[in-house]
Visitor: 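This structure is in structure tokens; I'll ask about it shortly.
Counting starts at 1 for both ligands and their atoms, following the listed order. Positions are given from 1, in the same order as the sequence printed here.
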Amino acid sequence: MSENLFQRLQAGFPDDRGQTAIEQPGGRSDSYAELEAASGRLARLLGTLGVAPGDRVAVQVEKSAEALFLYLACLRAGAIYLPLNTAYTPAEIAYFLGDAEPKVFVCTPASEPALRDVAAAAGVARLLTLGQQGDGSLIEAARGLDPAAGCVAAADDDIAAILYTSGTTGRSKGAMLSHGNLASNAAALHRIWGFRPGDVLLHALPLFHVHGLFVASNTALLNGSRIILLPRFDVEEILRLLPEATVFMGVPTFYTRLLAAPGFGAGACRNVRLFVSGSAPLLTETFEAFRARSGHTILERYGMTEAGMITSNPLEGERRAGTVGLPLPEIEVRIRAEDGGAVPEGEIGVLELKGPNVFKGYWRNPEKTAEEFRPDGFFVSGDLARIDSEGYVHIVGRAKDLIISGGYNVYPKEIEQAIDALPGVQESAVIGLPHPDFGEAVGAVVIREPGSTGPDAEAVIAALRQRLAGFKVPKQVVFAERLPRNAMGKVQKKELREAYKQTFA
Ligand code: MCA
Ligand code: AMP
């Protein structure tokens, strides 16, 4: 079946469109009728701005109902939605705009002065603003437009969204996700996680990544659920609102922070039927502590930007600590050696996968796309895994040099390049170190040029802050005489991780 993702979601909206779709605590509530009308007006607006199917609409805004409506409007108009982390600096935004060439860029009213020139330099035709309270020029411009915008036809292969994901080379690549990719994943999760009438989602994840935008929002919309939309993760707010929810999704940091809150316990979870964790490894210790404290067994699942969700622990049946469960329906998963060769059953290798969820390739980067697929169409995840005798997948590490900090991915290469460019620095190695709050935190080992006395750690951090999103800036910078290398000259990051593993203990 080939249909616009919006229409597929719409098929799950409640018959009574007066029911609540989005509730913003302390703010407005919008019904499903309002969600349809608001996204319709925005879709019309995109049309009047000359946005045609396939044109990109880049968006860097705070979380709000309107941000979700804008996503839905892009689907309806056949435009490609391109969400960007609010932490990105203007220098980072310049790269994304230059690469994606969006027709429209929506930013916050507060960041507009800093981004006006950046957008103009990238040739963006229209810069609009959207504030967290639904203020800004975007909503102004859509006011009074006909809400009955309809929905353009979309084939399964038509691109619905581009999500940038960094790479081992230090350059971000835009993963092109089609209507079919997103629809199949939403339908599969909706089914296997047993979404049912009356489910209420407490939504605390950001809306610019797969987890908050597709996994959480698409499944809840497909269910016609009430979504309690929090602007950000805030423990006090979660404790206050959790009793109203039946489903909660988060990165492991959400769960460790809940466990650190004295007020958290079974009472707060009394109506919850499902806690989902993903985006980073959930420690067995967190899994067990959460079960003991709340009486709930967290359901851990595994995914990536290029493929949405890939495996999940079962809703019914055993949810095993330290595993990410079984492949989703219609998704094939296998373990291969790094060179693509076979590995004995049960042994560790690189996880490869194939299915209707797998993306269409990297935006304007066919070479990189080709590198990540095997000739028989399997996508190479870059994650090291093994599959046990009962089919449960265990993610045991990463073949790619990647740090996951509080659910955000940081590619060391990008940070190393920024450090190496600083005067007085000869080279650097960026590593992930165990961190009690973020799981892993970014650390940098810096080698100064011979005879150079600077920069010091503060200067490195201050310089990086100018260019890079805050979550990428090292939480610790140390200096060394040289980097450990193997016979091939490759930096031995494992050795460095071992040497500095107590840094945040
Ligand atoms: C914020 N900071 C961080 C992080 N977040 N540092 C390291 N890692 C982080 N994740 C820094 C800021 O730069 C700032 O530093 C200081 O912490 C306070 O910022 P604030 O925004 O107030 O922090 P927070 O509200 O405590 O945020 C922590 C958080 C957030 C709630 C865990 O990072 C978060 O929502 N993470 C979820 C990420 C996510 O959705 N991932 C899914 C990706 P300073 O003060 O020094 O400037 S999708 C994915 O991975 C795949 C597909 C999958 O499987 O889901
Ligand atoms: P992203 O590039 O943001 O899409 O992040 C995808 C990566 O997050 C995957 O390739 C994994 O390395 C990691 N990941 C996601 N879920 C899990 C999980 N449950 N356990 C371990 N790693 C995970």
Visitor: Under 4.0 Å from a heavy atom of Phe233: give me the atoms of ligand 1 that qualify, with their elements.
Guide: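 Those qualifying, in numeric order: 31 (C).
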Visitor: Side chains of His211 and Ser279: do they bring a donor and an acceptor to under 3.5 Å?
Guide: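 A donor-acceptor contact under 3.5 Å links the two side chains.
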Visitor: List the atom of His203, the atom of Leu205, and the distance in Å for their closest heavy-atom pair.
Guide: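 The answer is CE1-O, 3.2 Å.
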Visitor: Using the ring centroid of each side chain, check whether Phe438 and Phe471 are separated by less than 6.0 Å.
Guide: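 For Phe438 and Phe471, the ring centres are not under 6.0 Å apart.
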Visitor: Could you check Arg467, Lys472, Arg171 and say which one makes a salt bridge (Lys or Arg N to Asp or Glu O under 4.0 Å) with Glu92?
Guide: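 Only one of Arg467, Lys472, Arg171 forms a salt bridge (Lys or Arg N to Asp or Glu O under 4.0 Å) with Glu92, namely Lys472.
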Visitor: Establish, from distance only, whether the side-chain atoms of Tyr164 and Asp99 form a donor-acceptor pair under 3.5 Å.
Guide: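 On atom types as modelled, these side chains qualify, holding a pair under 3.5 Å.
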Visitor: Tell me which protein heavy atom sits closest to atom 33 (O) of ligand 1, plus the residue, atom name and distance to 0.1 Å.
Guide: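 Scanning the protein heavy atoms, the shortest distance from atom 33 (O) of ligand 1 goes to Tyr408 CE1, 3.3 Å.
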Visitor: Hey, is Ala280 touching ligand 2 through its side chain, its backbone, both or neither, going by heavy atoms under 4.0 Å?
Guide: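 The answer is the backbone.
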Visitor: Please identify which atoms of ligand 2 are closer than 4.0 Å to at least one heavy atom of Ile404.
Guide: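 Once the distances to Ile404 are compared, the set is 8 (O), 12 (O), 13 (C).
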Visitor: Can you tell which part of Glu306 has a heavy atom less than 4.0 Å from ligand 2: side chain, backbone, both or neither?
Guide: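 None of Glu306 does.
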Visitor: Considering only protein heavy atoms, which is closest to atom 35 (O) of ligand 1, and at what distance to one decimal place?
Guide: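 It is Pro206 CD, 3.6 Å.
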Visitor: Does an N or O anywhere in Tyr302 fall below 3.5 Å from an N or O of ligand 2?
Guide: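 Between Tyr302 and ligand 2, no N or O pair is found under 3.5 Å apart.
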Visitor: Establish whether atom 19 (O) of ligand 1 and some protein heavy atom are separated by less than 4.0 angstrom.
Guide: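 Looking at atom 19 (O) of ligand 1, one finds that no protein heavy atom lies closer than 4.0 Å.
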Visitor: Below 4.0 Å, non-hydrogen atoms only: which portion of Phe438 touches ligand 1? Side chain, backbone, both or neither.
Guide: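 Under 4.0 Å from ligand 1, Phe438 contributes side-chain atoms alone.
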Visitor: I need the single residue from Glu318, Arg291, Arg320 that forms a side-chain hydrogen bond (donor to acceptor under 3.5 Å, both in side chains) with Thr297. Which is it?
Guide: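 Among Glu318, Arg291, Arg320, the one meeting side-chain hydrogen bond (donor to acceptor under 3.5 Å, both in side chains) with Thr297 is Arg291.
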Visitor: Report the part of Asp383 (side chain from C-beta onward, or backbone N, CA, C, O) that has a heavy atom under 4.0 Å from ligand 2; answer both or neither where that applies.
Guide: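 The answer is the side chain of Asp383.
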Visitor: Determine whether the side chain, the backbone, both or neither of Phe254 has a heavy atom under 4.0 Å from any heavy atom of ligand 1.
Guide: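 Side chain only.
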Visitor: So which protein heavy atom does atom 41 (N) of ligand 1 come closest to, and at what separation?
Guide: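 Going by distance alone, atom 41 (N) of ligand 1 is nearest to Gly407 O, 2.9 Å.
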Visitor: My question is simple, although I want it checked carefully: is atom 45 (O) of ligand 1 less than 4.0 angstrom from any protein heavy atom?
Guide: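 Under the 4.0 Å cut-off, atom 45 (O) of ligand 1 has no protein heavy-atom neighbours at all.
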Visitor: Please check whether Lys475 reaches ligand 1 - meaning an N/O of the residue sits under 3.5 Å from an N/O of the ligand, judged on distance alone.
Guide: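 Yes: some nitrogen or oxygen of Lys475 is under 3.5 Å from one in ligand 1.
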Visitor: Starting from atom 36 (N) of ligand 1, which protein heavy atom do you reach first, and at what distance in Å?
Guide: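 Atom 36 (N) of ligand 1 sits closest to the protein heavy atom Gly406 O, 3.0 Å.
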Visitor: Return the closest protein heavy atom for atom 10 (N) of ligand 1 as residue, atom name and distance.
Guide: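 Sorting protein heavy atoms by distance from atom 10 (N) of ligand 1 puts Ser405 O, 2.8 Å first.
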Visitor: Within a reach of under 6.0 Å around NZ of Lys413, are more than 12 heavy atoms found that belong to other residues, nucleotides or ligands?
Guide: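 At most 12 heavy atoms, drawn from other residues, nucleotides or ligands, come within 6.0 Å of this atom.
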Visitor: Is atom 31 (C) of ligand 1 close to the protein, meaning a heavy atom under 4.0 Å from it?
Guide: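 Yes, at least one protein heavy atom sits under 4.0 Å from atom 31 (C) of ligand 1.
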Visitor: Would you mind listing which atoms of ligand 1 come within a distance below 4.0 Å of any non-hydrogen atom of Thr305?
Guide: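 Result: 52 (C).
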Visitor: Does the gap between the ring centers of Phe290 and Phe264 come in under 6.0 Å?
Guide: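 When the ring centroids of Phe290 and Phe264 are compared, they turn out to be within the sub-6.0 Å range.
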Visitor: Could you tell me if the ring centre of His209 sits under 6.0 Å from that of Tyr408?
Guide: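 Yes - the distance between ring centres of His209 and Tyr408 falls below the 6.0 Å cut-off.
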Visitor: Quiz question: by atom type and distance under 3.5 Å, do the side chains of Tyr362 and Glu306 form a donor-acceptor pair?
Guide: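 Looking only at side-chain atoms, Glu306 and Tyr362 do form a donor-acceptor pair, the distance falling under 3.5 Å.
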Visitor: Protein heavy atom under 4.0 angstrom of atom 49 (C) of ligand 1, is there one?
Guide: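 Yes.
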Visitor: Applying side-chain hydrogen bond (donor to acceptor under 3.5 Å, both in side chains), run through Ser178 and Asp157 and close with a yes or a no.
Guide: CA-CA 5 Å; Ser178 68; Asp157 268 355; 4.8 Å; no
Visitor: Enumerate the atoms of ligand 2 whose separation from the nearest heavy atom of Val324 is less than 4.0 angstrom.
Guide: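 Numbered from 1, ligand 2 contributes 18 (C), 19 (N), 20 (N).
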Visitor: Quick check: Ser279 and ligand 1, any N/O pair under 3.5 Å apart?
Guide: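 So ligand 1 has an N or O lying under 3.5 Å from an N or O of Ser279.
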Visitor: Could you tell me whether Glu285 atom CD has more than 12 heavy atoms of other residues or ligands within 6.0 Å of it?
Guide: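 For Glu285, atom CD is not crowded (no more than 12 foreign heavy atoms under 6.0 Å).
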Visitor: For Asn409, is at least one N or O under 3.5 Å away from an N or O on ligand 1?
Guide: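 No, Asn409 has no N/O under 3.5 Å of an N/O on ligand 1.
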Visitor: Which of the atoms of ligand 2 are close to Glu300, meaning less than 4.0 Å from one of its heavy atoms?
Guide: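 Counting atoms of ligand 2 from 1, those under 4.0 Å from Glu300 are 18 (C), 19 (N), 20 (N).
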Visitor: Mark the output for Gly212 as yes if a heavy-atom distance to ligand 1 is under 4.0 Å, and as no if none is.
Guide: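 No, that is not the case, since the closest heavy atom of the residue is not under 4.0 Å from the ligand.
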Visitor: Could you list which atoms of ligand 2 come closer than 4.0 Å to a heavy atom of Thr305?
Guide: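 Here the atoms of ligand 2 in question are 1 (P), 2 (O), 3 (O), 4 (O).
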Visitor: Just one of Leu201, Val247, Asn218, Asp199 clears the side chain to side chain contact (heavy atoms under 4.5 Å, CB included) bar with Asn223, so which one?
Guide: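 Only one option passes, and that is Asp199.
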Visitor: I need the atoms of ligand 2 closer than 4.0 Å to a non-hydrogen atom of Asn409, numbered in the order shown.
Guide: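 By the 4.0 Å cutoff, the relevant atoms are 1 (P), 2 (O), 3 (O), 5 (O), 6 (C).
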Visitor: Given Arg232, Met309, Arg257, His211, which one has a non-hydrogen atom that is nearest to atom 29 (C) of ligand 1?
Guide: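 Answer by nearest heavy atom: Arg257.
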Visitor: Can you list the ligand 2 atoms lying under 4.0 Å from a non-hydrogen atom of Ser279?
Guide: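 Once the distances to Ser279 are compared, the set is 8 (O), 13 (C), 14 (N), 15 (C), 16 (N), 17 (C), 23 (C).
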Visitor: Would you confirm whether Arg56, through its side chain, and Ala100, through its main-chain N or O, come within 3.5 Å as a donor-acceptor pair?
Guide: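 Looks like yes, one N/O pair under 3.5 Å.
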Visitor: On a heavy-atom basis, I'd like to know which of Lys472, Met304, Glu440 is closest to atom 52 (C) of ligand 1.
Guide: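 The nearest heavy atom belongs to Met304.
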Visitor: With Phe248 as reference, evaluate Leu242, Leu274, Val276, Val200 under the side chain to side chain contact (heavy atoms under 4.5 Å, CB included) test and give the passing residue.
Guide: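 Single side chain to side chain contact (heavy atoms under 4.5 Å, CB included) partner of Phe248 among Leu242, Leu274, Val276, Val200: Leu242.
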Visitor: Is ligand 2 less than 4.0 angstrom away from at least one heavy atom of Arg301?
Guide: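 Contact present.
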Visitor: When you compare ligand 1 with Leu205, is there at least one nitrogen or oxygen pair between them that comes in under 3.5 angstrom?
Guide: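 Min N/O separation from ligand 1 is not below 3.5 Å for Leu205.
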Visitor: Check the orientation of Phe373 and Phe379. Use parallel for under 30°, tilted for 30 to 60°, and perpendicular for over 60°.
Guide: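 Tilted: the ring planes of Phe373 and Phe379 meet at 30° to 60°.
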Visitor: With respect to Ser277, determine whether any N or O atom, backbone or side chain, lies less than 3.5 Å from an N or O atom of ligand 2.
Guide: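 No: no nitrogen or oxygen of Ser277 is under 3.5 Å from one in ligand 2.
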Visitor: Would you kindly say whether Thr256 and Thr253 are connected by a side-chain donor-acceptor distance under 3.5 Å?
Guide: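 No.
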Visitor: Out of Arg301, Arg465, Met249, who gets a non-hydrogen atom closest to atom 54 (O) of ligand 1?
Guide: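 It is Arg301 whose heavy atom sits nearest to atom 54 (O) of ligand 1.
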Visitor: Please determine, by modelled atom types, if Asp388 and His394 share a side-chain donor-acceptor pair under 3.5 angstrom.
Guide: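 Indeed, the side chains of Asp388 and His394 share at least one donor-acceptor pair under 3.5 Å.
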Visitor: Does atom CD of Glu330 have more than 12 heavy-atom neighbours, drawn from other residues, nucleotides or ligands, at distances under 6.0 Å?
Guide: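 Counting neighbours around CD of Glu330, 12 or fewer heavy atoms of other residues, nucleotides or ligands fall under 6.0 Å, so no.
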